[in-house]
Amino acid sequence: MWHLRGRSSATAAAAALHKPVAHLRLLLAVSAWSGPLLPAAASTVAAASTTTRGGPSPRAGVAASAMPSSPPPSAAEGTTAAGGFRLTEPSFLESLMPKKEIGVDRFLAAHPEYDGRGALIAIFDSGVDPAAAGLQTTSDGKPKILDIIDCTGSGDVDTSKVVRADDDGSIVGASGTRLIINPSWKNPSQEWHVGCKLVYELFTDTLNSRLKKERKKKWDEDNQEAISEALKQLNEFEKKHSKSDDAKQKMAREDLQNRLEYLRKQAEGYDDRGPVIDIVTWHDGDGWRVAVDTQGLEGNKNCGKLADFVPLTNYRLERKFGIFSKLDACSFVANIYDDGNLVSIVTDCSPHATHVAGIAAAFHPNEPLLNGVAPGAQLISCKIGDTRLGSMETGTGLVRALIAAVEHKCDLINMSYGEPTLLPDYGRFIDLASEVVDKHRIIFISSAGNNGPALNTVGAPGGTSSSIIGVGAYVSPAMAAGAHCVVQAPAEGMEYTWSSRGPAADGDLGVSISAPGGAVAPVPTWTLQSRMLMNGTSMASPSACGGVALLVSAMKAEGIPLSPYTVRKAIENTAASISDVPEEKLTTGHGLLQVDRAFEYAQRAKELPLVSYRISINQVGKSIPKLRGIYLRGSNACHQTSEWTVQLDPKFHEDASNMEQLVPFEECLQLHSTDSSAVKIPEYIMVTNNGRTFNIVVNPVNISSGLHYYEVYGIDCKAPWRGPIFRVPITVIKPIALSGEPPALSLSNLSFKSGHIERRFINVPIGASWVEVTMRTSAFDTPRRFFLDTVQICPLKRPIKWEAVVTFSSPSLKNFSFPVEGGLTLELSIAQFWSSGIASHEPTCVDFEIVFHGISIDQKIIGLDGSEAPVRVVARSLLASERLVPVATLNKVKTPYRPVECNLCSLTTSRDRLPSGKQIIALTLTYKFKLEDGAEIKPHVPLLNNRIYDNKFESQYYTISDSNKCVYSSGDVYPNYVRLSKGEYTLQLYIRHDNVQLLEKLKQLVLFIERKLEKKDFIQLSFYSEPDGPVVGNGTFKSSVLVPGEPEAFYVGPPSREKLPKNVLPGSVLVGSITYGVVSSFNKKDDQNQHAPASYSISYLIPPSKVDNDKEKGVSSGKKSISERLNEEVRDTKIKFLSGFNQETEDDKSSWMALVASLKSEYPKYTPLLAKILECIVQKATSDDKISHQKEIIAAADEVVDSVDKEDLAKSLSLKPDPEDEEAQKNKKRMEETRDQMADALYQKGLALAEIESLKTDESTEASAKDAFEENYKELIKWVDAKSTKYGSLTVLRERRCGRLGTALKVMNDMIQDDSEQPKKRLYDLKIQLIEEIGWVHVSAYEKQWMHVRFPASLPPF
C-alpha cells in the first residue's frame, strides 16, 4: 500500500489514519477538512511536480520529439494577464473537485446524459462508507452503491454456534450475554446462529483513539467516585480506631487501604480494549437476516439492544446499513455466508476508499460543483485493505475483489493501492487481473505510485502491468490556488513532485496517463466531517476512472462496442501533452486525460477490430528476459550498438470468433522512429492474428550523457487518424564517469524554482559501497523544501532507493551518507517541492557535492559455521585510501520450525470461487514454539514474505496465539515484531491457491521465528590477524588504512560459548551485521567514528549442545545395594502407575481402591505415595455427592500430613548442608520435596474445607468448618508463603471469608502478575467475583471486556 513521505503539519491529523507499514506507501496525503465548502489549512500538503518546466534549459542529450499528442487544455478563466491566478467562488468550488482539467465540463456540456449512467465501477480499496455525503443515489435516481464487500475477512464472525430461545423469548449470545429476541422477527426453524466480536477490531485506529478518549472520560468519573468512597471509608475507620493495636482491626485497615490502592492502579493501567458486540443471524423463510447487539458501546443499557435493531440482510439485496452507535457514528453493512455459519461485518479501514469513490462518482444534487467526475455511475465497494493490518492489502482481498467485479459484471475497476515490485507484470494477482481484462472486458485503472521524483519508481500493479492503466498525479493552477490554498498558484500545471515515474524495470513506459491528483471529497461519517482534502496518485486514479466512466456511459448509449483495448487506445492517443520534452513521458505518460477527445476517437473507431497489441522484446542473441520496452541503463550498454527483436502479437478478447474476427484480421502498419539517427527500424510491417516480429537497432554511442527517451510506433496506413497503434518505449540513460581519488561529482550554482527537478546519472565506480553528500543552499528568502532521491536498478531485485526530505529554513549546509552498489548506474534526483517557495520570486541556489567511498570485501555474506574456526576476510579499497575499522554485532537469533500439523480444505463460499469456476483451496499450517523468557519476535517465511503482487500464491496470513486462543499478533506479507511473554505459542499460517499440487509442495514449509536479543545480550565479535587468535587470544585486529589496490586480510572470530544466549536450540542461527569503513570527518561527533552506511549480513550457526558427563557419573554413585535400588525403582513405578489408572466405571474404581490399599499396606506412611493418592482423588471426576468427594480429599490430605515427622522436617530445613557433602545435599532436596508435598496437602484440604463450607447450610457445621479451615491455614503458613502463586488461592478464600475483599483482591492481582505461565481463566473469574462483591460495577465491566481478549471462545476466522 502506498503512502506519501514528508507530510506537512497540516496533514498530521489525518495522516494518523494511515500508519506506515514497512516498505509500503499509501497512495495519498491527507489534510484536515472541517465541514463543507471550507478549505483546509493545507498550504504545504505533501505533493510535488516532476517536470523541469521553469528550470534551466533542457539538459544535454534531449532526443527528437516523441510521437506528438494533443496540446494541453487552455488555461483556466481565472488567469490574469500578469500570470497570476484569481478565483471566483464557483471556480474555487470547482477546484476542490477538479474536472475541467480532463475536459469533463466540455464533454457534459455536449452530452449531459452521458454522466456515467449505465457504468458500474468496482472500488478496490479500504471500504466505502454508504452513509457518506454524495454516495446514496446517482444523478438519475438509482442507488449509488450496489454492493459492499469485505474481501479481506477482517470483519468475519464465526456464527456456527446455534441456540434456541427460552420460553421468555431470550437467548444466550456468544459473549455470554442474555439477549431478548424481537417477537416480530420470523424464524420458522427457531434456530439462531450466534457469534461475537470485539468492536474495536472493526474500527480504524483513529476512530478507536477517539472512542477510547470519550469512554475513558466516563470511566474515570466512575472510578473517581469509587476512589472517593473508598477514601471516605478509610478515613471513617481511622477516626473510629485511631489508637487501636488489635490485629483484626489492623487487617481491616489494610483491607481498606488495599481497596483504595487497587482503584488507583486501575486508573494508571487502564487500557480499553472495547466492548463486545453480539451478532445473531437466522433464516426468516425467505432469506438470511442478521441483528447486532451494541449495548456496551454507549454505556446505556437502553440503547443498542438486540431487539431494537432493524435486521439487515446481504447488502446487495436491500442496500441497507446500520450505525453501531451515536458515539462512534460508524456505519456498517452485513453479508451472510455459508448458510448462516459466517457473518461478515463490513466497515471501512480508512477514509481513503470513500474519498476515492467520491472523486469517481459522488452526486450532490444541491452542490453540483462538488460532484464527482461521473455522478451517474454506480459503484460496488470491494474492501482489499485489511483492518487487522492497518489497511494493508492482502492477496486474499485482491483475489476476492476480482471475483466480485466479474460477478457483478462491472465495467471498470479503480485500485488506488500498490507497492514496489521485484518483477514487473508478474504474479498471481497480475495473471488474474489480465484474465479479467481480456476475458471479461473490464477496464482496470490504478495509481502509478507516490515514490517520485526519481525514475523507475512506478509500482505494482498500476505502473508495472500491461493490462492495467497506470495513472500519474497532476496539479493545475486552479487546484493549487483552491484546494491547496497556496498564496500564488503556478503559471502552468505540472506533475506532483512525488508522483512516481517510469520506466518499469523491463522498459515499459510505466505511467499511461495523468489526471488531477488531489480533491476535497467525501469521507466516512465516523470522521465527524463531510469532506477532506487528500492528494496522491490515489486521487488521480479515480479522477481518470470517473473520466473513463463517462466514456463508457457514452459508448453504451450510442451502441459503440465496449472494450478495454479500444478505450485505452482512445484515452492514450487523445491525451493532452503536459510537456514538450520527450523525457517527460516517463513522468506524465501520454499526457493529461481528455474525455471529450477520447469520445470523439471512440466514435470514429467503433467499426474497428477490438484488439490490443502486446509487445514482447528480447535482445538479439538472448532468449531471456522477455521485455516490454528497451531500456539501456549503464555505460557499457551505451557504448555499443544493440539489436532487438520485437514480437508484435494482436490480442483479441477470449470470446472472439475465429472465422469472423481472427482469420480476417490484417493491418498494414507504417513504422516510425522519433529519432532515426539513434533508433533504426523497418518502414512497414503487415500484421495478422498470429503476430509478426521486426527488429530495432539502437545506437546510443554518439548521444550525450543523461536521459534520452525515444519511441517506435506503428501507424495504420488506412487510418492514420488512429494515431499510434502500438508503441515501443526506448529509454537510454547514459551515465557520466567520475575521476579522482576518491571519485566525486560537484554541481555548482544549480538554480531551483518551485517544482524544478535536476537529474544526474552517474556510473558508480566498481568498488564503491557508500556515498557522502554535501548540500549547500543560498540566495533565498522563504523556507525551501527539497526531495532527494537516488535509485539503482539491480536484476530480480526491487529498485535500490535512498530518499530524504530536507527543509532549509535559511541558507545552510546539510550532510548525508547512504550505501550504493558499485558498477550500477545511480540516478541522483534533486527536486524543490512543487509548492515550496511558490510565492517567492527568489530562486534557490544549490551547491551539491557527492563523493564515492568503498571497501571491497571478498565475501559480502559471512557465515560462521558454529566451530571454533574464524573466517578469513580480504578487504581492498579500489578508489582511494580508506580506514578499515571492522565492527560486527549479532543481535538476533533465528530458529527454524516445520509445521506440526497441516490441513488442506476447499473453501465453500462463492466469494472464493474464481470466474473460471475453480474453487480456491486453503492450506493451514500449524507451528508450535516456546519462549523461555519474554522477547520480541517476528515470524519469517523466506519463500513468501515481502512479495504481494509478484507472488504466485495469494495469501500468507498468519496469527500467533497462546493456549487460551488469545491472538497476540497477526500479519501477512510484511510480518511485524511483537513482544511475547514466556510460554508456549501456536502460529497458524494460511496459504491459498486453486492448484492443490502447488499447495501440497508447501506442507512442510520452513518458517523461522526471529527473536531480538536484549541490548545487554548483543554479541560484539572480535577480529584477529592470526588464524588461532580466537583460541590463543593473540593477534587482535582493530583497524588499518587500506591503500588503493592493496589487499589486507583479517579473521572474524566466532562468539565465545559464554556469550551465546541461553535456551537457543542447536541449528538456530545468530544474525547481525558487519561494517568495515567509517565516514569522513564531516559526520564525526566528539571524535567518535561513524560507521559507514554500507553494512553486510553476518551469521553464526548454533552448534550442538555439549555432552553432560555429570549425569553418567551420578548413575554409578551412591551407597545403596543393587537390591535396594531395584526395590525403589519398583516402588516408584507402582506409584507412577496410579495416575494412569482409569476410574470411569465402578469396577475400575473398586480396582483402584484395592490397589491403593495394597500399596498403603506395602509402603506404610510413605509420603510420596500418599501425595500421589491425593493428587488422583483431586483430579477424579466429581460425583453428584460433592461433599463426599471433598471429605475424601480431606481424608487423603490428612494422611499425607500425618506421614510427615514435622519436628524432623523443621530441623532438617533449618540446617544448611555442607555444599561439598553430596549425601547432605540429596537429603536436603528430599526434605524440601516432603515439605512441598505436605504443603500441597494442606492447600488441597483448605480448598476442600472452603467448598464444604459453601455447600452446607447447617450453621453449626458451617462454624466447625470455619474453625477447621483457619487451623489448617495457620499450619500451612508455617511452611510456605501462602500468598505465593502456588498457594495464593487459599489466601484469597480466607480473606474473602473474613470479608477482607480488598486484601483478597490484592493477593489475587499479585498472583496474576507474578504468574510466569500464561493467564489462567479461573484466576480472572475469581478476580471478577471479588470486584462484583465489592460493588465496583465499572471495574467489573472493564475486566469482563478483557476476558473476551484473554480467553476467546475460539480463534478468529482467517
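When reading the values below, keep in mind they use all heavy atoms of this one structure, side chains included, and skip hydrogens, waters and symmetry mates. Bear in mind that the values here come from a model prediction, so they are computed numbers and not experimental data.
Taking the ring-ring contact (aromatic ring centres under 6.0 Å, His included) definition, one finds that Trp644 meets it with nothing, sequence neighbours left out.
Closest approach of Pro799 and Thr421 over heavy atoms only: CD-O, 4.2 Å. Closest heavy-atom contact between Arg633 and Glu827: NH2-N, 3.7 Å. Across all their heavy atoms, Leu989 and Gln956 have their closest contact at CD1-O, 3.5 Å. Between Leu1070 and Pro1061, the closest heavy-atom pair is CD2-CG, 4.0 Å. Ala869 and Leu864 make their closest contact through O-CD2, 4.4 Å (heavy atoms, listed as atom of the first residue, atom of the second, distance). Smallest separation of non-hydrogen atoms from Pro700 and Val732: CB-CG1, 4.0 Å.
With contacts defined as side-chain heavy-atom distances shorter than 4.5 Å, the pair Phe1050/Ser1025 does not qualify. Contact check for Tyr1100 versus Val1052: no side-chain heavy atoms found under the 4.5 Å cut-off. At least one side-chain heavy atom of His853 sits under 4.5 Å from a side-chain heavy atom of Val851. Counting heavy atoms from C-beta on, the side chains of Leu890 and Lys1059 never come closer than 4.5 Å. You'll find the side chain of Leu943 reaches within 4.5 Å of the side chain of Leu1002, heavy atoms only. Tyr1076 places a side-chain heavy atom less than 4.5 Å from the side chain of Val873. Counting heavy atoms from C-beta on, the side chains of Ile1009 and Pro939 come closer than 4.5 Å. When side chains are defined from C-beta on, Tyr949 counts as touching Glu419, because their heavy atoms get closer than 4.5 Å.
Here the side chain of Lys1012 pairs no donor or acceptor atom with the backbone of Tyr977 at under 3.5 angstrom. Remark: the backbone N or O of Gly427 is not paired with any side-chain donor or acceptor of Arg947 at under 3.5 angstrom. Between the side chain of Glu882 and the main chain of Ser877, no donor-acceptor pair closer than 3.5 Å is present. With hydrogens and angles ignored, the 3.5 Å screen pairs a side-chain donor or acceptor of His993 with a backbone N or O of Lys952. Put simply, the side chain of Asn945 never gets that close to the backbone of Pro975: no donor and acceptor are under 3.5 Å apart. Judged by distance alone, the side chain of Ser955 and the main-chain N or O of Tyr990 form a donor-acceptor pair under 3.5 Å. Under the 3.5 Å distance criterion, the side-chain polar atoms of Ser500 are matched with a main-chain donor or acceptor of Thr457. Remark: the backbone N or O of Leu1013 is not paired with any side-chain donor or acceptor of Asn891 at under 3.5 angstrom. Proximity of a side-chain donor or acceptor of Lys1038 to a complementary backbone N or O of Phe1023 within less than 3.5 Å is not detected. Distance alone, capped at 3.5 Å, is enough to place a donor-acceptor pair between the Asp858 side chain and the Val874 backbone.
Taken to the nearest 0.5 Å, the CG atom of Asp933 stands 9.5 Å off from the CG atom of Asp1017. Rounding to the nearest 0.5 Å places CD1 of Ile855 at 10.0 Å from CD of Glu1048. To the nearest 0.5 Å, atom OG of residue Ser746 and atom CD of residue Glu849 are 4.0 Å apart. Expressed to the nearest 0.5 Å, how far NZ of Lys814 lies from CE of Met775 amounts to 9.5 Å. A distance of 9.5 Å separates CG of Asn951 from CD1 of Ile991, quoted to the nearest 0.5 Å. In this structure, the separation between CZ on Phe816 and CH2 on Trp802 is 5.5 Å, given to the nearest 0.5 Å.
The residues Arg1011 and Glu932 are annotated as not salt-bridged, no charged nitrogen and carboxylate oxygen being separated by less than 4.0 angstrom. Salt bridge present: Arg979 and Glu1014 bring a charged side-chain N and a carboxylate O closer than 4.0 Å.
Checked against a 6.0 Å centroid threshold, the rings of Tyr985 and Tyr968 count as neighbours.
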* Decide yes or no on side chain to side chain contact (heavy atoms under 4.5 Å, CB included) for Arg628 and Asp425, but give the supporting numbers first. => CA-CA 9 Å; Arg628 295 177 298 152; Asp425 210 32; 3.9 Å; yes
* Go through the steps for Phe848 and Arg760 under the test side chain to side chain contact (heavy atoms under 4.5 Å, CB included), then give the verdict. => CA-CA 11 Å; Phe848 204 90; Arg760 294 295 186 274; over 6 Å; no
* **Stepwise side chain to side chain contact (heavy atoms under 4.5 Å, CB included) test for Leu824 and Cys794** => CA-CA 8 Å; Leu824 298 177; Cys794 190; 4.1 Å; yes
* Yes or no on side chain to side chain contact (heavy atoms under 4.5 Å, CB included) for Leu884 and Phe1037, after CA distance, side-chain angles and deciding distance? -> CA-CA 10 Å; Leu884 174 63; Phe1037 182 89; 3.8 Å; yes
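A donor and an acceptor atom, one from each side chain of Glu772 and Asn815, are nowhere located under 3.5 Å apart. Between the side chains of Tyr1096 and Gln859, no donor N or O sits under 3.5 Å from an acceptor N or O.
Among Leu1021, Ile861, Val871, Thr889, the one residue that satisfies the side chain to side chain contact (heavy atoms under 4.5 Å, CB included) test with Ile1098 is Leu1021. When each of Thr731, Asp506, Asn456 is paired with Tyr631, the side-chain hydrogen bond (donor to acceptor under 3.5 Å, both in side chains) condition holds for Asn456 and for no other. Evaluated for a side chain to side chain contact (heavy atoms under 4.5 Å, CB included) with Glu821, the options Leu826, Ile800, Ile793 yield exactly one hit, Ile800.
By the 6.0 Å contact criterion, CD1 on Ile736 is enclosed, its count of non-hydrogen atoms from other residues, nucleotides or ligands being greater than 12.
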